[in-house]
Amino acid sequence: MSPANLMSSPASAPVEADAAASALMTRFDDHVMNTYGRFPIAIARGEGCRLWDTDGREYLDFVAGIATCTLGHAHPALIDAVTQQIQTLHHVSNLYYIPQQGDLAAWIVANSCADRAFFCNSGAEANEAAIKLARKYAHTVQDIDQPVILSAQASFHGRTLATVTATGQPKYHKGFDPLPAGFEYVPYNDIDALEAAVSDIDEGNRRVAAIILEPLQGEGGVNPGDLDYFLRVRKICDETGILLILDEVQVGMGRTGKLWGYENLGIEPDIFTSAKGLAGGIPIGAMACKSFCAVFEPGNHASTFGGNPFACAAALAVARTLEQEDLLNNALARGEQLRKHLRAIAQQSPHLFTEARGWGLMNGLALQPETDLTAIAIVKAALERGLLIVPAGPKVLRFVPPLIVSAAEVDQAAEVLQEAIAAITAS
Ligand SMILES: *Cc1c(COP(=O)(O)O)cnc(C)c1O
């Protein structure tokens with residue numbers, strides 16, 4: 001079948017369409033770099049929290065592009081904003097003032113602890129900017145020749161060489177030596193280990209310059225930060241002048257029911273990064289910091305696409321809609337409702353699950369480490385029943401629906417999840 005034919009196959013003929021979908025996937029696999037293990041569906045369309053594949057099958061989307069589609073799919077506010085912006089001006093160099101970028105930076109500053117923002121296109125780039133800023137601060141203010149950045153085990157900070165090195169998971173480092181120097185790891189939520197590392201890493205001019213942490217570890221298994229731990233981390237940073245960088249790429253922009261994840265911890269970072277949900281699925285990244293550490297000068301750092309009118313208009317539309325539709329409160333209420341369901345599932349099957357955990361609409365259901373059951377097996381069984389969820393590591397199911405999710409959709413997701421678990425444990 002020629003590519004033109006398979007693209008126009010009618011979805012109303014299921015058997016035909018299945019063949020077309022499999023041809024589409026073969027064509028994809030033959031040409032796209034093999035960097036993802038993919039599920040065998042191709043998504044064609046979305047609306048709200050619903051997606052449809054190329055065969056016309058409907059899914060309830062509790063992945064949201066991995067915590068990215070804040071307003072779900074085809075939200076009128078996002079459509080209006082990007083349509084209007086692309087008809088007016090979609091891209092212009094950072095050599096000139098960009099009104100939408102100024103508005104977005106002003107919104108971030110007015111609604112966070114930061115005084116300044118830098119824009120780029122992804123989470124990795126935002127963290128890369130934070131790492132560069134911390135290193136420049138180390139050299140120019142802290143008087144450290146060989147700055148060390150501490151990060152947590154089981155963290156995730158991105159896939160560029162510096163951010164993958166900051167990522168405290170050896171599996172992501174394998175095959176990419178030599179990795180950049182100046183990164184060390186400590187266990188998450190373990191203050192004694194952090195204190196020990198800070199005092200151990202002090203040889204001549206090699207010292208800890210910054211600590212980068214996720215307020216809640218996403219990829220590492222949906223592990224919420226401990227309040228006491230973060231209070232102590234903040235205190236260490238205050239006492240030593242070490243910078244505290246918080247990676248808000250997954251938890252920021254309302255996902256936890258607070259605008260920023262750090263608001264759940266009662267502390268403020270010196271630098272934080274945002275990306276995934278910031279523009280609701282239009283590529284964007286941001287690194288924001290307090291003025292005392294805003295040491296970048298013209299020529300130090302840059303991005304061709306970063307903060308262009310199109311992406312910033314999308315982020316501003318997300319920001320407005322969070323407020324207009326009271327989505328932080330929806331994230332809190334729907335999150336509580338979802339955790340109730342997940343806790344009930346865990347209590348029903350204590351041989352399979354340990355606990356449900358999370359904040360707002362960032363939730364995980366943890367499997368018993370001893371069980372043969374894997375997160376991916378449940379994810380596949382749920383997909384076959386029309387529910388999209390995503391693992392966070394081998395033994396945790398992650399639930400990150402759009403922040404517009406309704407009470408009925410949360411109930412439906414829990415129901416389908418239970419059916420999926422029942423079906424695979426029966427077989
Ligand atoms: C997804 C993620 C990143 C990387 O973001 P990209 O946009 O994929 O580069 C960094 N940090 C955290 C916490 C993330 O969840």
Side-chain angles (χ1 to χ4, degrees), residues 32 35-39 41-43 46 48-51 53 59-75 78 120-127 154-160 163-164 167 169 171-172 214-224 247-257 260-261 273-286 311 314-315 318 327 331 334-335 338 357-366 375-376 378-380 382-383 387-405 409 413 417:
V32 175
T35 56
Y36 274 81
R38 291 186 169 84
F39 298 101
I41 59 169
I43 307 295
C49 296
R50 309 268 158 184
L51 288 171
D53 69 14
Y59 302 88
L60 186 54
D61 183 12
F62 270 49
V63 177
I66 309 195
T68 293
C69 300
T70 313
L71 307 182
H73 305 280
H75 192 290
L78 192 58
C120 47
N121 316 288
S122 67
E125 275 180 84
N127 287 331
S155 60
F156 186 82
H157 299 296
R159 301 292 201 142
T160 62
T163 60
V164 86
T167 294
Q169 302 195 53
K171 66 175 179 185
Y172 293 124
E214 293 157 88
L216 174 158
Q217 290 188 327
E219 303 301 309
V222 191
N223 305 312
D247 180 342
E248 294 268 352
V249 168
Q250 191 158 161
V251 296
M253 206 56 182
R255 173 140 305 272
T256 70
W260 309 110
T273 54
S274 174
K276 286 190 168 83
L278 182 56
I282 304 299
I284 193 168
V318 174
L327 294 182
R334 300 287 74 78
L338 178 60
R357 56 183 181 237
W359 297 338
L361 283 173
M362 173 89 215
N363 292 292
L365 178 59
I376 199 85
I378 300 176
V379 167
K380 282 179 181 158
L383 182 143
L387 170 67
L388 301 186
I389 52 176
V390 62
K395 291 286 186 184
V396 179
L397 297 170
R398 176 170 28 170
F399 304 83
V400 282
L403 305 192
I404 58 162
V405 72
E409 286 164 335
L417 177 67

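This is a predicted model, so every value here is computed, not measured.
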Let me confirm one number: the [atom1]-[atom2] distance from [X] to [Y], rounded to the nearest 0.5 Å.
X: L417; Y: L60; atom1: CG; atom2: CG; answer: 11.0 Å
X: R334; Y: I404; atom1: CZ; atom2: CD1; answer: 12.5 Å
X: R255; Y: N363; atom1: CZ; atom2: CG; answer: 9.5 Å
X: L71; Y: L327; atom1: CG; atom2: CG; answer: 6.5 Å
X: K395; Y: I378; atom1: NZ; atom2: CD1; answer: 9.0 Å
X: D247; Y: T163; atom1: CG; atom2: OG1; answer: 9.5 Å

What is the minimum heavy-atom distance between [X] and [Y], and which atoms define it?
X: Q169; Y: S155; result: NE2-O, 3.0 Å
X: E248; Y: P215; result: OE2-CG, 3.5 Å
X: A286; Y: C120; result: N-SG, 4.2 Å
X: A375; Y: G393; result: CB-O, 4.1 Å
X: A331; Y: L403; result: CB-CD2, 4.4 Å
X: M362; Y: V222; result: O-CG1, 4.2 Å

Note to self: Evaluate Y59 against D53 for side-chain contact (heavy atoms from CB on, under 4.5 Å), listing each step before the verdict.
What the structure shows: CA-CA 8 Å; Y59 302 88; D53 69 14; 2.7 Å; yes

Using a 3.5 Å distance criterion without hydrogens, assess whether the side chain of [X] forms a donor-acceptor pair with backbone atoms of [Y].
X: T256; Y: G254; value: no
X: E409; Y: A413; value: no
X: E214; Y: F156; value: yes

Margin query: One thing to verify: whether E219 and R398 come together as a salt bridge, which I'm taking to mean a side-chain N less than 4.0 angstrom from a carboxylate O.
Written below: yes

Can you find a heavy atom in the side chain of [X] that is under 4.5 Å from one in the side chain of [Y]?
X: I66; Y: Q250; answer: yes
X: N223; Y: R357; answer: yes
X: F62; Y: P402; answer: no

Next item on the list: Please assess L388 against I41 for the test side-chain contact (heavy atoms from CB on, under 4.5 Å), listing each intermediate value before the final yes or no.
Entry: CA-CA 11 Å; L388 301 186; I41 59 169; 4.2 Å; yes

Next item on the list: Apply side-chain hydrogen bond (donor to acceptor under 3.5 Å, both in side chains) to the pair N127 and T273, showing each step before the final yes or no.
Entry: CA-CA 6 Å; N127 287 331; T273 54; 2.8 Å; yes

Next item on the list: Name all residues meeting the side-chain hydrogen bond (donor to acceptor under 3.5 Å, both in side chains) criterion together with T167; count only those two or more places apart in sequence or in a different chain, and write none if there are none.
Entry: none

Notebook entry, point to check: Picking from L361, I389, V63, what satisfies side-chain contact (heavy atoms from CB on, under 4.5 Å) with F399?
Noted result: I389

Check: Checking side-chain contact (heavy atoms from CB on, under 4.5 Å) for the pair T160/E125: CA distance, chi angles, key distance, verdict?
Finding: CA-CA 8 Å; T160 62; E125 275 180 84; 5.6 Å; no

Note to self: As a quick check of understanding, evaluate side-chain contact (heavy atoms from CB on, under 4.5 Å) for L216 and W359, giving each step before the final call.
What the structure shows: CA-CA 8 Å; L216 174 158; W359 297 338; 3.8 Å; yes

